[in-house]
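Heads up: the structure comes next, in structure tokens.
Source: prediction; values computed, not measured. Worth knowing before you read on, the calculation uses all heavy atoms, side chains too, and leaves out hydrogens, waters and symmetry mates.
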Amino acid sequence: MILCGEFFYHGRIVYCCVEIEDGLIVNVKRDLKGKEVKGVILPAGIDVHVHFRDFKESHKETIESGSLSALYGGVCLVVDQPNTNPPIVDVDTYFKRMEIAKRKTFIDYSLNLGLTEDNVDEIDKMLNVIERVYRVPAVGEVFLNKVGYDTLKKAKSKIRKLITVHAEDPNEGDVESEIKAVENCLKIGDFHFCHISTADALNLIYDSSSTSEVTPHHLLFSKNDVPFDVNPPLREIKDRVELIKNFWKIDILASDHAPHTLEEKREGAPGFPGVETLYPIFFYMVKRGYVRINDLVEKFAINPARIFGFDRYGEIDVGKYANFAVFDPKMERPIRAKELHSKAGWTIYENLMAIFPKEVYIRGEKVLEDGEVLVDGGFGRVIRKNSKF
Ligand code: DOR
Ligand code: ZN
């Protein structure tokens, strides 16, 4: 199959044709003959921080509903977080969850293994067992206050795999506690830092060999803009302005998609859904000139693939999967919670302008067109060890 159109290729939008075989791009040339695709064709997004719940919290979200929401947002691959109920802190629960994902996920799915004080002594052995079958993108502590620096240090000495940390103490949550936590972690070694909310912490990470991730809500909203809680909390306007000024230093944009029901939110459950709206909001900002298209693709496709080791994702090039999100710049519209697909049913981005993808392709197959999903749950693949992934 050959698709022709305006592709994001080698750092710019160029007209070319992409030849696809078995889901992989095998040839990119100007002068092939193929099916014309209208719109701006970007690599489909990779969201490395989602909470798809499921298990005993299926009323908030399931792998099925979360991955459908992701697909509508132009995302082809997610990294799910281990703070589920029950949490992903042992081999059996990891395998159980991957079985659900195999049957239900619309898009490609991977899962971090949780790190705790109780499993750190076994973490290398657990990884060995799981990685006979699946590729674990990262080991993640569930919360720093529950894990502690000694455990992180021990984990670092036992495994070479990427470790993600939430650099915060949810009991404190202020700007200083984030900076302090980053400083302390950097003394131990390299990490991937989830949802960084301050420019000072971002700068510390930028000057190290660790990597950083920032959410749209910490860039777009300040403290009093949203009546709901999130961890880390939304900051003062001046902190947010500093973060925006340092936007170019961010390695990864990730949603921290954290669905809760409205009732749970009123009771204080922290977190916002966002996997469906990240690419659409930022593509709209590209159109308006607030964000460079290269920065967006780098932070939501290229860097996530590189940092988390998804070799065949993140770029439109020979040897990569034909995973595309196609945007028509004219199709801007306000975000409406009732039109989104997360079980949460609400969004902090209500009425913000966005451009949702008109088409999405996964491994060359058109999976979404004009608001209609063309595949069933289970179409997506789980990331396996030593397979073509
Ligand atoms: O606000 C948050 N909610 N931050 C996190 O890091 C976790 C998340 C959740 O699981 O609800
Ligand atoms: Zn999270």
Side-chain angles (χ1 to χ4, degrees), residues 3-18 20 25 28 34-47 67-78 106-108 216 219-220 252-255 257 274-305 313-317 320-336 339-341 347 349 351-375:
L3 299 177
C4 301
E6 305 284 341
F7 284 90
F8 184 91
Y9 179 62
H10 289 190
R12 58 204 181 94
I13 305 287
V14 283
Y15 182 88
C16 56
C17 296
V18 163
I20 301 159
I25 299 171
V28 181
K35 194 174 167 305
E36 293 290 325
V37 177
K38 287 208 174 65
V40 177
I41 310 165
L42 304 186
I46 302 172
D47 195 332
S67 65
L68 180 68
S69 185
L71 171 51
Y72 274 102
V75 170
C76 66
L77 169 63
V78 289
F106 281 89
I107 60 157
D108 293 355
L219 289 163
L220 298 173
I252 290 181
L253 286 170
S255 68
H257 179 81
V275 70
E276 189 166 344
T277 43
L278 194 156
Y279 226 176
I281 289 172
F282 277 86
F283 189 80
Y284 175 78
M285 291 199 286
V286 166
K287 173 180 168 178
R288 289 286 162 213
Y290 300 135
V291 172
R292 292 166 66 241
I293 197 161
N294 297 58
D295 281 331
L296 175 55
V297 172
E298 176 186 295
K299 294 174 201 321
F300 201 51
I302 297 173
N303 288 349
Y313 293 78
E315 280 173 81
I316 298 173
D317 208 346
K320 308 284 180 187
Y321 283 124
N323 294 340
F324 313 133
V326 186
F327 295 90
D328 175 351
K330 290 194 295 299
M331 276 178 48
E332 58 179 69
R333 62 181 165 93
I335 293 172
R336 305 276 188 232
E339 294 170 9
L340 300 176
H341 300 82
T347 175
Y349 303 110
N351 292 328
L352 242 69
M353 293 304 286
I355 298 172
F356 287 85
K358 187 178 158 26
E359 292 176 13
V360 175
Y361 293 79
I362 294 183
R363 285 182 294 278
E365 186 163 340
K366 197 189 285 180
V367 292
L368 179 137
E369 182 172 32
D370 297 327
E372 208 174 313
V373 168
L374 308 172
V375 291

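- A parallel orientation is assigned to the rings of Phe283 and Phe327, their planes being inclined by less than 30° (bins at 30° and 60°).
- Once rounded to the nearest 0.5 Å, the distance linking CZ of Phe8 with CD of Glu315 reads 8.5 Å.
- Ring centroid separation for the pair Tyr279 and Phe300 comes in under the 6.0 Å cut-off.
- At least one donor-acceptor pair closer than 3.5 Å links the side chain of His257 to the backbone N or O of Val275.
- Under the 3.5 Å distance criterion, the side-chain polar atoms of Asn323 are matched with a main-chain donor or acceptor of Arg363.
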Report the C-alpha separation of Phe356 and Glu276 in whole Å, then their side-chain angles, then the decisive distance to 0.1 Å, and conclude whether the side-chain contact (heavy atoms from CB on, under 4.5 Å) test is met.
-> CA-CA 9 Å; Phe356 287 85; Glu276 189 166 344; 4.2 Å; yes
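- For the pair Phe282/Thr277, no side-chain contact is recorded, criterion being any heavy-atom separation below 4.5 Å from C-beta on.
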Before you tell me yes or no, could you show the steps for Tyr321 and Ile25 under side-chain contact (heavy atoms from CB on, under 4.5 Å), namely the whole-Å CA-CA distance, both residues' side-chain angles and the distance that decides it to 0.1 Å?
CA-CA 6 Å; Tyr321 283 124; Ile25 299 171; over 6 Å; no
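- Remark: Ile316 CD1 to Ile302 CD1 distance equals 9.5 Å, nearest 0.5 Å.
- The shortest side-chain heavy-atom distance between Val326 and Val40 does not fall under the 4.5 Å cut-off.
- Residues forming a salt bridge (charged side-chain N to carboxylate O under 4.0 Å, His left out) with Arg12 (at least two apart in sequence, or on another chain): none.
- Interatomic distance, CG of Leu3 versus CD1 of Ile41, reported as 7.0 Å (0.5 Å rounding).
- Asp328 places no side-chain N or O within 3.5 Å of a backbone atom of Gly39 that could act as its donor or acceptor partner.
- Residues Pro280 and Pro357 approach most closely at CG-CD, 4.1 Å, considering heavy atoms.
- Cys4 has its SG atom within less than 2.5 Å of the SG atom of Cys17.
- Here the CE atom belonging to Met353 is positioned 13.0 Å from the CE atom belonging to Met285, to the nearest 0.5 angstrom.
- Atom CD1 of Ile20 is separated from atom NZ of Lys320 by 15.5 Å, given to the nearest 0.5 angstrom.
- Of the N and O atoms on the side chains of Tyr313 and Asp108, at least one donor lies less than 3.5 Å from an acceptor on the other residue.
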Kindly determine whether Thr347 and Ile335 satisfy side-chain contact (heavy atoms from CB on, under 4.5 Å), including the steps that lead there. CA-CA 9 Å; Thr347 175; Ile335 293 172; 4.0 Å; yes
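- When every heavy atom of Ile46 is checked against every heavy atom of Ala305, the shortest pair comes out as CD1-CB, 3.8 Å.
- Atoms SG and CG, on Cys76 and Asp47 in that order, are 10.5 Å from each other to the nearest 0.5 Å.
- With contacts defined as side-chain heavy-atom distances shorter than 4.5 Å, the pair Leu340/Tyr72 does not qualify.
- The shortest non-hydrogen separation linking Ala254 to Pro216 is O-CD, 3.4 Å.
- Ion pairing between Glu332 and Arg288 holds under the 4.0 Å rule for side-chain N and carboxylate O.
- Of all heavy-atom pairs spanning Gly11 and Asn294, the tightest one is O-ND2, 2.6 Å.
- At least one side-chain heavy atom of Val367 sits less than 4.5 Å from a side-chain heavy atom of Leu71.
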Before giving the answer on side-chain hydrogen bond (donor to acceptor under 3.5 Å, both in side chains), spell out for His10 and Asp317 the whole-Å C-alpha distance, their side-chain angles and the decisive distance to 0.1 Å.
CA-CA 8 Å; His10 289 190; Asp317 208 346; 3.0 Å; yes
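- For the pair Val14/Glu6, no side-chain contact is recorded, criterion being any heavy-atom separation below 4.5 Å from C-beta on.
- Residues Arg292 and Val286 form no side-chain contact, since every pair of their non-hydrogen atoms from C-beta on lies 4.5 Å or further apart.
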After noting the C-alpha distance and the side-chain angles of Arg333 and Glu339, does the key distance pass the salt bridge (Lys or Arg N to Asp or Glu O under 4.0 Å) rule?
-> CA-CA 11 Å; Arg333 62 181 165 93; Glu339 294 170 9; 2.8 Å; yes
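- Side-chain contact between Val37 and Tyr361 is present, with heavy atoms from C-beta onward closer than 4.5 Å.
- Between Glu369 and Lys358 there is no salt bridge, since no side-chain nitrogen of the basic residue lies less than 4.0 Å from a carboxylate oxygen of the acidic one.
- In terms of heavy-atom proximity, Val360 sits nearest to Gly74 at CG2-CA, 3.9 Å.
- Taking a 6.0 Å sphere around CD of Glu372, one finds it holds 12 or fewer heavy atoms contributed by other residues, nucleotides or ligands.
- Leu253 has its side chain within reach of Leu296: a pair of non-hydrogen atoms, C-beta onward, lies under 4.5 Å apart.
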**Message:** Run Ile13 and Phe7 through side-chain contact (heavy atoms from CB on, under 4.5 Å) and show every step you take.
**Reply:** CA-CA 5 Å; Ile13 305 287; Phe7 284 90; over 6 Å; no
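- Closest non-hydrogen pair, Glu298 versus Pro304, comes out as O-CD, 3.6 Å.
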